There are 2 protein chains.
Amino acid sequence: MNLKELSTLLGLSQTTVSRALNGYPEVSEVTRDKVMKAAKQHNYTPNIRARGLATGRNHTVGHVIPLSTEHEVVNPVFTDFIAGASEIYARENYDMMLTIVPDKTEAEAYRKIAAKGSVDGVIVHGPKANDPRIALLREIGMPFVVHGRSGIAEESEYSWVDMNNTRAFERATQFLIDLGHRRIGLLNGLENMDFAIKRREGYRDALISAGLKEHKELCYSSEMTEEYGFSATLEMLALHKPPTAILASSIIVGFGVRRALDTAGLKIGKDVSLIVHDDDLSYLRNGAAEPIYTATRSSVRMAGRICAEILMEQISDPKRPMRHVLLDAELIIGHTTGPAPKS
Amino acid sequence: MNLKELSTLLGLSQTTVSRALNGYPEVSEVTRDKVMKAAKQHNYTPNIRARGLATGRNHTVGHVIPLSTEHEVVNPVFTDFIAGASEIYARENYDMMLTIVPDKTEAEAYRKIAAKGSVDGVIVHGPKANDPRIALLREIGMPFVVHGRSGIAEESEYSWVDMNNTRAFERATQFLIDLGHRRIGLLNGLENMDFAIKRREGYRDALISAGLKEHKELCYSSEMTEEYGFSATLEMLALHKPPTAILASSIIVGFGVRRALDTAGLKIGKDVSLIVHDDDLSYLRNGAAEPIYTATRSSVRMAGRICAEILMEQISDPKRPMRHVLLDAELIIGHTTGPAPKS
DNA sequence: TCCAGACCTCAAAGCGCTTTGGCTTTTCCC
DNA sequence: GGGAAAAGCCAAAGCGCTTTGAGGTCTGGA
């Protein structure tokens with residue numbers, strides 16, 4: 001069923017039917033009602049490409065997910081992020097176009113997406129330290145929102161939604177210090193990513209303001225896998241002076257830490273304390289009623305919702321000022337932290 | 001830059017330029033070359049909506065991800081599935097449209113997608129026992145491929161790519177029986193899902209052919225979370241006759257089992273054996289060089305690739321016969337299984 | 001009664017592309 | 001050299017929608 005058919009069926013012109021459906025005031029309420037009913041009855045939905053062609057607006061946003069070619073890993077938080085964003089898209093009747101792009105060919109991919117003209121805006125995932133994508137998108141003139149940030153310099157010149165990574169890891173480190181820990185390991189994400197850099201800063205800040213030093217041999221950086229958590233922990237435990245507490249950049253890394261401690265015959269929360277960062281993923285809940293892991297928690301799904309909302313704004317009025325949302329993580333006390341063991 | 005501009009620039013008609021770019025034989029190689037070069041140089045990409053309108057083909061496939069409203073969980077395997085599928089889409093120059101649909105409104109969502117006419121085919125995720133979506137899509141006449149299956153009756157009447165769930169769990173169970181285990185717990189997924197039903201069957205078959213019984217109190221079914229693995233395991237351990245081995249439907253559930261055993265002071269692979277199903281997710285690798293968990297393994301990313309390939313075929317020639325691919329899972333021996341303890 | 005102004009409705013153009021059908025030029029073979 | 005076939009190119013229609021500019025009808029005030 002298309003507009004033409006529907007309108008002849010109703011004995012009206014396409015114009016009138018189109019206007020009735022799109023809420024224009026030039027059509028009487030009686031007519032509008034009739035049209036609406038008929039549309040519903042015949043399951044009519046405007047052809048989205050035709051509408052896009054006519055209006056120049058697609059009602060579609062793009063999500064470009066970088067695929068680390070080195071590690072072949074897609075960031076698992078993206079599932080929940082998307083789930084959050086699509087709540088908004090569903091409400092606003094937007095579609096979501098997904099592109100997974102090997103990180104080598106990113107620039108080209110963005111240009112292509114822009115040239116194809118099938119999306120009204122994009123959400124940028126996984127920003128690196130000084131991510132060229134941001135300059136590129138600004139140059140192209142495509143509305144976008146970044147999930148995360150990238151560097152400091154031009155932060156005010158684009159919209160972003162980020163978690164306060166620095167502060168979260170500073171608080172977590174502080175918490176461990178308050179418990180008496182002095183040697184604290186950090187299992188960070190890849191430190192070419194902005195979020196990892198910021199977390200490292202928070203960690204360092206807390207140590208320094210407590211008069212402690214950042215020990216290189218306690219700082220790891222890698223793709224966040226269980227295996228990484230496991231092997232890095234074992235390595236640290238084998239040190240002359242092993243850490244009494246560990247900070248892990250994700251709950252999955254935390255699983256690996258748990259397994260390593262288990263293997264080493266150490267009791268988690270007693271012999272070694274552990275704090276993880278918890279993205280509050282739906283399929284990786286940190287416990288049901290009470291938290292398992294002591295964690296810094298910030299819902300990535302919520303971030304998805306906010307990003308989507310801001311992008312919608314930006315699309316409907318590109319002249320609107322840029323928006324910046326900094327979400328604070330909560331510190332949640334679970335069963336994996338305790339006072340530093342006396343030695 | 002659009003076709004018109006490009007063609008006047010070249011001093012050719014739109015027809016010729018279009019044909020040159022799309023590889024039609026009516027244009028000389030010399031001209032084609034010139035056109036190609038100019039297109040590249042000016043970064044010309046055909047407007048995808050316009051092309052869609054003209055051809056009726058969108059070069060876009062839809063993925064409809066069900067969101068369990070009851071549990072608010074998006075299946076985490078879908079990240080890797082998508083990554084696999086997009087390798088194919090990238091190669092074939094297809095786009096991917098994503099829709100996350102609360103499971104209550106699925107039928108409506110599919111109809112809407114069809115009416116909008118923005119995709120040439122869809123991939124159906126997470127089929128339930130007798131999934132109405134399949135009949136619906138056939139009625140609508142939209143090409144589709146199911147990741148998984150749904151019931152037995154009409155399996156030959158649509159294309160699907162599935163893992164041999166029954167056989168995988170039968171083998172795993174058999175393996176445990178061979179190790180001397182007699183009481184084997186099953187932490188299954190939600191048993192309204194086809195895959196979970198099939199796994200249960202495999203488990204039961206192996207028990208029965210070994211002359212054992214399926215004990216109701218050892219069979220769990222739920223959304224596959226870490227917490228579920230933890231609490232179900234604790235419950236089973238509290239039984240009068242606890243299991244000596246556990247089968248978990250995902251590696252995440254396996255993490256929970258590990259934690260429970262840890263809490264109970266039991267040694268995994270010694271006091272209690274564990275086999276998990278491993279979807280070979282990029283961010284949840286079951287160990288690096290050697291596997292950690294004994295597991296049935298089948299790459300969901302591979303399944304994504306195959307689904308996408310079949311869908312491409314189906315779209316380019318809808319009369320082609322349906323295809324059915326049944327992937328066999330390997331049984332991988334890790335460190336979580338051992339002989340049943342003497343009691 | 002007449003006309004301005006609301007109020008509705010419509011025909012047609014245009015979005016950027018593909019494709020049909022036709023035209024001109026070249027090539028080939030007898 | 002002549003005719004037919006092949007090669008190369010083009011104008012124009014059409015995909016389904018929105019939107020402009022114009023027209024028709026109805027009301028109410030002068």
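Atoms considered below: every heavy atom in the structure, side chains included; atoms not considered: hydrogens, waters and symmetry mates. Note that the coordinates shown come from a computational prediction; the quantities given were computed from them, not determined experimentally. Within every chain, numbering begins at 1; the chains are lettered A, B, ... in the order of the sequence lines, protein sequences first and strands thereafter.
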Checklist entry - Residues in ring-ring contact (aromatic ring centres under 6.0 Å, His included) with A:Tyr283, at least two apart? => result none
Acceptor/donor pairs from residues 306-313 of chain B side chains to any protein atom, 3.5 angstrom cut, sequence neighbours excluded:
{"from": "B:Glu309", "atom 1": "OE2", "to": "B:Arg91", "atom 2": "NH2", "distance (Å)": "3.4"}
{"from": "B:Glu313", "atom 1": "OE1", "to": "B:Arg323", "atom 2": "NH1", "distance (Å)": "3.4"}
{"from": "B:Glu313", "atom 1": "OE2", "to": "B:Arg323", "atom 2": "NH1", "distance (Å)": "2.6"}

What donor-acceptor contacts under 3.5 angstrom involve side-chain atoms of residues 32-39 of chain B, with partners at least two apart or in another chain?
{"from": "B:Arg32", "atom 1": "NE", "to": "B:Glu29", "atom 2": "OE2", "distance (Å)": "3.3"}
{"from": "B:Arg32", "atom 1": "NH1", "to": "B:Ala20", "atom 2": "O", "distance (Å)": "2.9"}
{"from": "B:Arg32", "atom 1": "NH2", "to": "B:Tyr24", "atom 2": "O", "distance (Å)": "2.6"}

Item to check | Pairwise side-chain hydrogen bond (donor to acceptor under 3.5 Å, both in side chains) hits with a residue in residues 43-56 of chain A, at least two apart | outcome: A:Arg49-B:Asn58
Checklist entry - When we call it a touch if two heavy atoms are under 4.0 Å apart, what does B:Ile48 touch: a base, just sugar-phosphate, or nothing? => result nothing
Checklist entry - For A:His125, does its backbone N or O pair with a side-chain atom of A:Arg133 as donor and acceptor, under 3.5 Å? => result yes
Checklist entry - What residues form a ring-ring contact (aromatic ring centres under 6.0 Å, His included) with A:His324, not counting sequence neighbours? => result A:Trp160
Next on the checklist: Output one letter per nucleotide in nucleotides 11-16 of chain D: B when a protein non-hydrogen atom lies under 4.0 Å from the base, S when only the sugar-phosphate is that close, - when neither is.
Outcome noted: BB-BBB
Checklist entry - For D:dT18, does OP1 or OP2 lie under 4.0 Å from any side-chain N or O of A:Ser18? => result yes
Item to check | Residues from residues 23-41 of chain B lying under 4.0 Å of DNA chain C - heavy atoms | outcome: B:Tyr24
Checklist entry - Please, which pairs that meet salt bridge (Lys or Arg N to Asp or Glu O under 4.0 Å) have at least one residue in residues 5-14 of chain A, sequence neighbours excluded? => result none
Checklist entry - Can you name the residues that form a ring-ring contact (aromatic ring centres under 6.0 Å, His included) with A:Tyr89, not counting sequence neighbours? => result A:His63
Item to check | Five-pair end axes of the helix from C:dT1-D:dA30 to C:dC30-D:dG1, angle between them (10°) | outcome: 50°
Side-chain atoms of residues 99-106 of chain B: list all donor-acceptor pairs with protein atoms under 3.5 Å, sequence neighbours left out, distances to 0.1 Å.
{"from": "B:Asp103", "atom 1": "OD1", "to": "B:Thr69", "atom 2": "N", "distance (Å)": "3.4"}
{"from": "B:Asp103", "atom 1": "OD1", "to": "B:Thr69", "atom 2": "OG1", "distance (Å)": "2.7"}
{"from": "B:Thr105", "atom 1": "OG1", "to": "B:Pro102", "atom 2": "O", "distance (Å)": "3.2"}

Can you list, pair by pair, the side-chain donor-acceptor contacts under 3.5 Å of residues 76-88 of chain A, counting residues two or more places apart and other chains?
{"from": "A:Thr79", "atom 1": "OG1", "to": "A:Pro76", "atom 2": "O", "distance (Å)": "3.2"}
{"from": "A:Thr79", "atom 1": "OG1", "to": "B:Thr79", "atom 2": "OG1", "distance (Å)": "3.0"}
{"from": "A:Asp80", "atom 1": "OD1", "to": "A:Ser282", "atom 2": "N", "distance (Å)": "3.4"}
{"from": "A:Asp80", "atom 1": "OD1", "to": "A:Ser282", "atom 2": "OG", "distance (Å)": "3.1"}
{"from": "A:Asp80", "atom 1": "OD2", "to": "A:Ser282", "atom 2": "N", "distance (Å)": "2.9"}
{"from": "A:Ser86", "atom 1": "OG", "to": "A:Ile82", "atom 2": "O", "distance (Å)": "2.8"}
{"from": "A:Ser86", "atom 1": "OG", "to": "A:Ala83", "atom 2": "O", "distance (Å)": "3.2"}
{"from": "A:Glu87", "atom 1": "OE1", "to": "A:Arg305", "atom 2": "NH1", "distance (Å)": "2.9"}
{"from": "A:Glu87", "atom 1": "OE2", "to": "A:Arg301", "atom 2": "NE", "distance (Å)": "3.3"}
{"from": "A:Glu87", "atom 1": "OE2", "to": "A:Arg301", "atom 2": "NH2", "distance (Å)": "3.3"}
{"from": "A:Glu87", "atom 1": "OE2", "to": "A:Arg305", "atom 2": "NH1", "distance (Å)": "3.0"}

